[in-house]
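To start, the structure under review is shown below, and the notes come after it.
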Amino acid sequence: MKVRVFDTSDEMGLAAAKLFAERIRSKPDIVLGLATGSTPVRMYDALVRVAKEDELDLSRVVTFNLDEYIGLRADHDQSYRYFMNEHLFDKISIPKENTHVPDGMASDLEAMCAAYEEAIEEAGGIDLQLLGIGGNGHIAFNEPGSGADSRTRVVDLTSETIRDNSRFFQDESEVPRQAVTMGIASIMEAQEIVLIADGAHKADAVAKAVEGDISSAVPVSFLQKHPNCIFLLEREAASRLSPGVLE
Ligand code: GLP
């Protein structure tokens with residue numbers, strides 16, 4: 001995998017946004033895999049700016065989000081559908097029907113997961129996937145223990161993830177205990193993967209991702225096997241990498 005390091009989170013976000021804009025320009029009906037969390041916010045802000053400045057046509061872009069909490073309605077301000085509308089979809093010219101986020105309120109979650117995988121396949125598969133990284137090495141909501149062959153499914157969140165994500169809720173008890181997430185296998189099928197990370201609290205997970213053993217104990221480490229994957233890192237997040245891995 002390739003690794004690029006930036007002095008600030010803003011530079012990291014801008015680099016990711018420029019890469020996405022470039023790919024959209026060369027394939028206007030591109031299928032994007034999108035992520036939530038605090039890290040992508042800067043990237044989405046930059047993408048909104050770049051799209052306006054460059055008059056990028058987003059009308060044929062199709063998107064699939066990685067994950068969603070179970071039990072939060074789309075209009076709950078901590079649902080990932082709400083996050084995506086607020087930070088990206090409502091600010092760019094993408095038709096809402098082109099945007100997909102797993103439905104965490106589905107009455108038959110298993111059927112919804114299968115339909116989500118089918119919809120990705122029908123769209124032609126994901127061309128470009130954006131990822132963040134959890135402090136415990138999770139990607140999307142693939143917590144430690146997630147297998148290389150895992151696909152879109154219901155998962156239990158670890159206490160570490162619940163604690164990490166409680167900063168977005170009034171109280172830790174409000175954080176959903178379960179989520180729907182695309183699996184490791186679903187993510188690895190993307191043609192190209194861009195992972196972004198910032199902050200010293202991500203340095204350990206980033207080092208394990210890039211230089212550690214490939215193991216389901218650190219799900220992000222599976223990315224080492226992807227043929228076209230780049231990590232865009234802010235300096236602090238890259239601080240535990242050996243100098244040799246930097247481009
Ligand atoms: C959540 C999301 C992940 C994200 C992670 C890190 O658990 N499901 O997709 O990568 O948080 O988020 P942050 O960028 O806020 O650190």
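By convention here, the first residue in the shown sequence is residue 1. Quick caveat: nothing in here was measured; it's all calculated off a predicted structure. Both ligands and their constituent atoms are indexed starting at 1 by order of listing.
In this structure, the protein non-hydrogen atom closest to atom 16 (O) of ligand 1 is K202 NZ, 2.6 Å. At the top of the distance list for atom 12 (O) of ligand 1, counting protein heavy atoms only, stands G37 CA, 3.9 Å. Given atom 7 (O) of ligand 1, the protein heavy atom at minimum distance is H138 NE2, 2.9 Å. Nearest protein heavy-atom neighbour of atom 3 (C) of ligand 1: A140 O, 3.5 Å. Here the heavy atom of the protein found nearest to atom 4 (C) of ligand 1 is T36 O, 3.9 Å.
By the 3.5 Å distance cut-off applied to N or O atoms, I133 is counted among the residues near ligand 1. Of the N or O atoms in G134, none lie within a sub-3.5 Å distance of an N or O in ligand 1.
Under 4.0 angstrom from ligand 1, there are no non-hydrogen atoms of A35. With a 4.0 Å heavy-atom cut-off, ligand 1 is reached by the side chain of Y80 but not by its N, CA, C or O. Heavy atoms of E143 found under 4.0 angstrom from ligand 1: none, in either backbone or side chain.
Remark: ligand 1 atoms within the under-4.0 Å shell around heavy atoms of D67 are 2 (C), 8 (N), 9 (O). Counting atoms of ligand 1 from 1 in the listed order, those under 4.0 Å from a heavy atom of T39 are 13 (P), 14 (O), 16 (O). Close contacts between ligand 1 and G132 involve ligand atoms 10 (O) [criterion: under 4.0 Å to a heavy atom]. Annotation for ligand 1: atoms under 4.0 Å from non-hydrogen atoms of N165 are 1 (C), 7 (O).
When each of Q178, R177, E143 is paired with L157, the side chain to side chain contact (heavy atoms under 4.5 Å, CB included) condition holds for E143 and for no other.
With 3.5 Å as the limit, one finds no donor-acceptor pair spanning the side chains of T158 and R163. A donor-acceptor pair shorter than 3.5 Å can be found between the side chains of T99 and R81.
Salt bridge status for R42 with D198: present, with a side-chain N to carboxylate O gap under 4.0 Å. Looking at D127 and R23, no side-chain N of the basic residue comes within less than 4.0 Å of a carboxylate O on the acidic one, giving no salt bridge. Salt bridge present: R151 and E189 bring a charged side-chain N and a carboxylate O closer than 4.0 Å. Checked for salt-bridge contact, K208 and D213 miss the test: no charged N lies under 4.0 Å from a carboxylate O.
Residues L19 and L128 meet the side-chain proximity criterion, which asks for heavy atoms closer than 4.5 Å.
Closest approach of Y116 and P102 over heavy atoms only: OH-CD, 3.3 Å.
Contact analysis leaves M182 out of contact with ligand 1, as no non-hydrogen atom separation drops below 4.0 angstrom. In this structure, H201 falls outside the shell of residues with a heavy atom less than 4.0 angstrom from ligand 1.
In this structure, L109 belongs to a hydrophobic cluster whose other members, linked by side-chain heavy atoms under 4.5 Å apart, are I70, M112, V154, V180.
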